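Only one structure is covered here, and it is reproduced in the block below.
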Amino acid sequence: MSSERRKSYPFDQIEPKWQAIWEERQLFHAPNPGEKSFDPAKRKFYILDMFPYPSGAGLHVGHPEGYTATDIIARYKRMRGFSVLHPMGWDAFGLPAEQYAIKTGQHPAVTTRENVAKFKRQLKRIGFSYNWQREINTTDPAYYKWTQWIFLQIYNSWFNPATNKGEPISTYPGENPDEVRLAYVAEVSVNWCPELGTVLANEEVVDGKSEIGGFPVVRRPMRQWMLRITAYAERLLNELEGLDWPEGIKLLQRNWIGRSEGALIKFQISNFKSQFIEVFTTRPDTLYGATYMVLAPEHSVVDLIVAEEQWPDVREYRERAARKSDLERTDLAKDKTGVFTGAYTINPANNERIPIWTADYVLLGYGTGAIMGVPAHDERDLEFARKFDLPIRVVVQPSGDEEPIGFIGEGIAINSPIIDGLPTPEAKKKIAHWLEQHNAGKGAINYKLRDWLFSRQRYWGEPIPIVWRDGKHEALSENELPIVPPPLDDYKPSGTGEPPLAKAKDWVRYSDKALREINTMPQWAGSCWYYLRFCDPRNDERFVGGEAERYWMSSDKPGSVDLYVGGTEHAVLHLLYARFWHKVLFDLGYLSKPEPFQRLVNQGIILGEDNQKMSKSRGNIVNPDDVIDQYGADAFRCYEMFMGPLEQMKPWSMRGVEGVARFLARVWRLFMDETQAGDWELSARIQDVAPDKAQQKVTHATIKKVTEDIESLSFNTAISQMMIFVNAFTSAETIPLSAMRTFLILLNPFAPHVSSELWENLNAKFRDARGDITEQSWPGYDEQLLIEDEVEIVIQINGKLRDRMKMPVVANEEEVKSAALSNPKIQDRIAGRTVRNVIVVPKKLVNIVV
RNA sequence: GCCAGGGUGGCGGAAUUGGCAGACGCGCCAGACUUAGGAUCUGGUGGAGAAAUCCGUAGGGGUUCGAGUCCCCUCCCUGGCACCA
């Protein structure tokens, strides 16, 4: 047995050959307006992949799934005459490189450079047609200079509710602009991860553990930079509408934003004349049913109101709640806990005195951190009231015969003098109006979305371009950017919450009186705007040039990027943050369109051969390099697409790769014969002759199917059709050149190397001077050629298939009907029975009902 | 618990508006070529049955001349959210 299996076609030679040609000729370069080769007549198409974090492990087969899909579309669109922006870059700030630096002392930039080189080599091997001259890296100072610049724009802006827009802070009429900036500092309870030595965004905490590493996370108050994304909540919600995103993803974002309509109600505290506690409720109509109030344990008013004798209990309870991680707090949710504060508040509707409790089922971060307890009409309140023996008062009458206690639906208000007899929606409106009149509250909208915690206690991230002077923050000026982090000997966080940058004492001392901000930005910062930088990646005057932005980001829809492909794991965070930054920049007049991504597609996860998620521990990871070594990049690409629908989760199969590799080998042998000496030469069967009718038909059917399937991203069925095409020609004695030319163009986006090579071989023999395959335009099809003269018509009796017959397409209903009824098999079956009805579906079937 | 998306041969998956279920590929079976075959080519392949035929799209019910497709109920899988007041 030979040591290496013979390749079924010489992909190991032709793939590097064509990759070198593409690079040398810069074939996929997408010129910007102003460049020599720019053609203003061409329409743009911006197709974007979610750029990867270049990890040390290298590419896995999941990455190229989406990348192959976009590459097919990019190549297709070029042949359709579009100028295609199809860039790639590196989201290279992040924890792993920093962790590695802590272990080895190697600067993260070195690790990053190595990993990027590895990723790039792997991607190039697959033959993607990226605009490599637009490559960007978020850790490049020339890039993050502009990330920092955008931060300054955000810092120097506020959201004007009157215009519903972000505006320069100079337009703010109030006294203290620091209160309204879109980037601000707050003392907030954060998710502190001692193991990582950093705080994490809520989104980075999963089940009370860090998303990265799975380390425990605890609550801790810290001074942090926040971005006021909540100001944009309404627009982030409403403007989803115009986007061509999967409904599921839109829903995920809607739920994350979590808009709810209700009222803020002011409760006066007994014995504290001018102290009020505001609660948010979606059911102001149940105000008369409020028999107690609950404050979140962390609520600041608790300190103020607790009665002397209740202090020990309250203190103990608060400490216990603080120690609980989010996981425990929600996990123990089955059993409600809480303590009475000893204080009372007045229900504004009936002036009743009701007790104030504190309990951790009320969250500080949602609404006002305080609720009115309406046990009769809220499950949680009911559970709490039953446990602590608090009164339950029914104020909503269900319309049916449901039990009123615990009824949370809409009904008729009762025991509520102001709104008695009103159905819930009207009752809500009336009571909100009443509250407003009596200065006791107002209608309000609340969001689940919270402001974005933007500080990280890390080294390997963008420094925040701020200095502190006399305890106040100041923006650094634009011309000081980029702020480059200083080199360190030791990248370890101190563990006290002090970021690693604190160790660079000289760097921190900005001047005699001013110190630098030592927090860095989260990893999302760089990916919030990278799609903009791709439009004009080398511009050192502006984050993106105006002309380039207007060309590439233009659209007749609200979103700019025509197609964005990536994993669902970014459905909420990345996509929401990027939309937020985009809207701020749009409001400030820097961008053409209010939304970044018009059409979004999520590729499904690829599982291991064992149908399990790929992981090191399971040992089921497939390395693209191994697949390419054995079967070639074209087979790899085609298999990734042939597996099944792009958006579906599906298992890898090496047998499947083999099958697709066999298909490409069959394509090769359709064109090429092997000589005695073992060389390949163009088959003599290929001749410049007209295709026969059947060949014509399958060719046009293939053009139609492949075209439509690429447009709808159904790559698997496009490949099926090309297989059918090849099967139809393999045994033909003469193979018409024109059909083969057409086929190679169709195949090119999927298998660019082998199709280029075969095209070149055709050009060498047939002097029809056609140029390179990449210069070809996409073929059209003739619908006329697809029409059959005869169709097979199915004959059913009572819906069951009984026979088939050939009929001319032109046959009318009457002819088809009588042909079916006179069919001998059918005659046998219906003999002696009455034909009740005959249904004729033109060109398809006849159903005889007896 | 709530929300979303799924469930079709031994496997991955096809199937405009309801109209021949299982395209294409894998696997399997048989044959050809061959010193050889884990190469290549040809044919077959949902299940049961000798056959006529019958049964088949998670399960049950319904609408219809006709249901994988539409409606109702149940079960299972995947993803998300999870005391959001």
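Computed from a predicted model, the values in this text were never measured in an experiment.
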**Request:** Determine, stepwise, if the pair A:E241 / A:K250 fulfils salt bridge (Lys or Arg N to Asp or Glu O under 4.0 Å).
**Result:** CA-CA 8 Å; A:E241 197 135 324; A:K250 286 191 188 179; over 6 Å; no
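A:T707 meets the side-chain hydrogen bond (donor to acceptor under 3.5 Å, both in side chains) test with A:W778; sequence neighbours excluded. Contacts of A:A440 classified as side-chain contact (heavy atoms from CB on, under 4.5 Å), with partners at least two apart in sequence or in another chain: A:P348, A:L435. With sequence neighbours excluded, no residue satisfies side-chain hydrogen bond (donor to acceptor under 3.5 Å, both in side chains) with A:N611. Residues satisfying the ring pair (Phe, Tyr, Trp, His ring centres under 6.0 Å) criterion with A:H570, sequence neighbours excluded, are A:H574. The side-chain contact (heavy atoms from CB on, under 4.5 Å) test applied to A:V396 returns A:R283, A:D285, A:T286, A:H377, A:F407, A:T424, not counting sequence neighbours. In this structure, A:W245 has no ring pair (Phe, Tyr, Trp, His ring centres under 6.0 Å) partners at least two apart in sequence or on a different chain. The ring pair (Phe, Tyr, Trp, His ring centres under 6.0 Å) search around A:F729 returns A:F725, not counting sequence neighbours.
With C1' as the reference atom, B:A32 and B:G12 are 29 Å apart, rounded to whole Å. Nucleotides B:G38 and B:C28 place their C1' atoms 15 Å apart, quoted to the nearest Å.
Nucleic acid contact class of A:L845 (heavy atoms, under 4.0 Å, all strands): base. Among the atoms of the strands shown, none is found under 4.0 Å from any heavy atom of A:K250. No engagement by A:G258 is indicated, since no non-hydrogen atom pair under 4.0 Å with the nucleic acid exists.
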List, with names and distances, any nitrogen or oxygen atoms from the protein found under 3.5 Å away from nitrogen or oxygen atoms belonging to nucleotides 41-43 of chain B.
| residue | atom | partner | partner atom | Å |
| --- | --- | --- | --- | --- |
| B:C41 | OP1 | A:R669 | NH2 | 3.0 |

Quick one: which protein N/O atoms are closer than 3.5 Å to N/O atoms of nucleotides 65-69 of chain B? Pair and distance per line, please.
| residue | atom | partner | partner atom | Å |
| --- | --- | --- | --- | --- |
| B:C65 | O2' | A:N847 | ND2 | 3.3 |
| B:C65 | O2 | A:N847 | ND2 | 2.4 |

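One side chain, A:T717 or A:D709, offers a donor N or O that lies under 3.5 Å from an acceptor on the other. Inspection of the A:D381 and A:Y361 side chains reveals an N or O donor paired with an N or O acceptor under 3.5 Å. Remark: the A:Y447 side chain and the A:T230 side chain contain no N/O donor-acceptor pair separated by less than 3.5 Å.
Residue-to-nucleotide proximity on RNA chain B shows that, of A:R802 and A:I719, the 5′-proximal contact is made by A:I719.
Under a cutoff of 6.0 Å and an axis angle of 45°, A:K336 and A:F384 do not form a cation-pi pair.
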**Message:** At under 4.0 Å between heavy atoms, how does the protein contact nucleotides 1-13 of chain B? Give one character per nucleotide, 5' to 3', with B, S or -.
**Reply:** --SS-------BS
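For RNA chain B, if you chain together Watson-Crick or G-U pairs that step i with j, i+1 with j-1 and so on, the runs of at least three with distances under 3.5 Å are B:1-7 with B:75-81, B:10-12 with B:24-26, B:27-32 with B:40-45, B:46-48 with B:53-55, B:58-62 with B:70-74.
Candidate nucleotides B:C83, B:C26, B:C55 were compared by shortest atom distance to the side chain of A:R655, and B:C26 ranks first. In this structure, the nucleotide among B:A23, B:G25, B:A85 sitting nearest to the side chain of A:M723 is B:G25.
What separates OH of A:Y631 from C1' of B:G25 is a distance of 14 Å, to the nearest Å.
For A:R804, no side-chain nitrogen or oxygen approaches OP1 or OP2 of B:C20 to under 4.0 Å.
Each side-chain hydrogen bond (donor to acceptor under 3.5 Å, both in side chains) pair with one or both residues in residues 639-653 of chain A, not counting sequence neighbours, appears once here: A:E65-A:K650.
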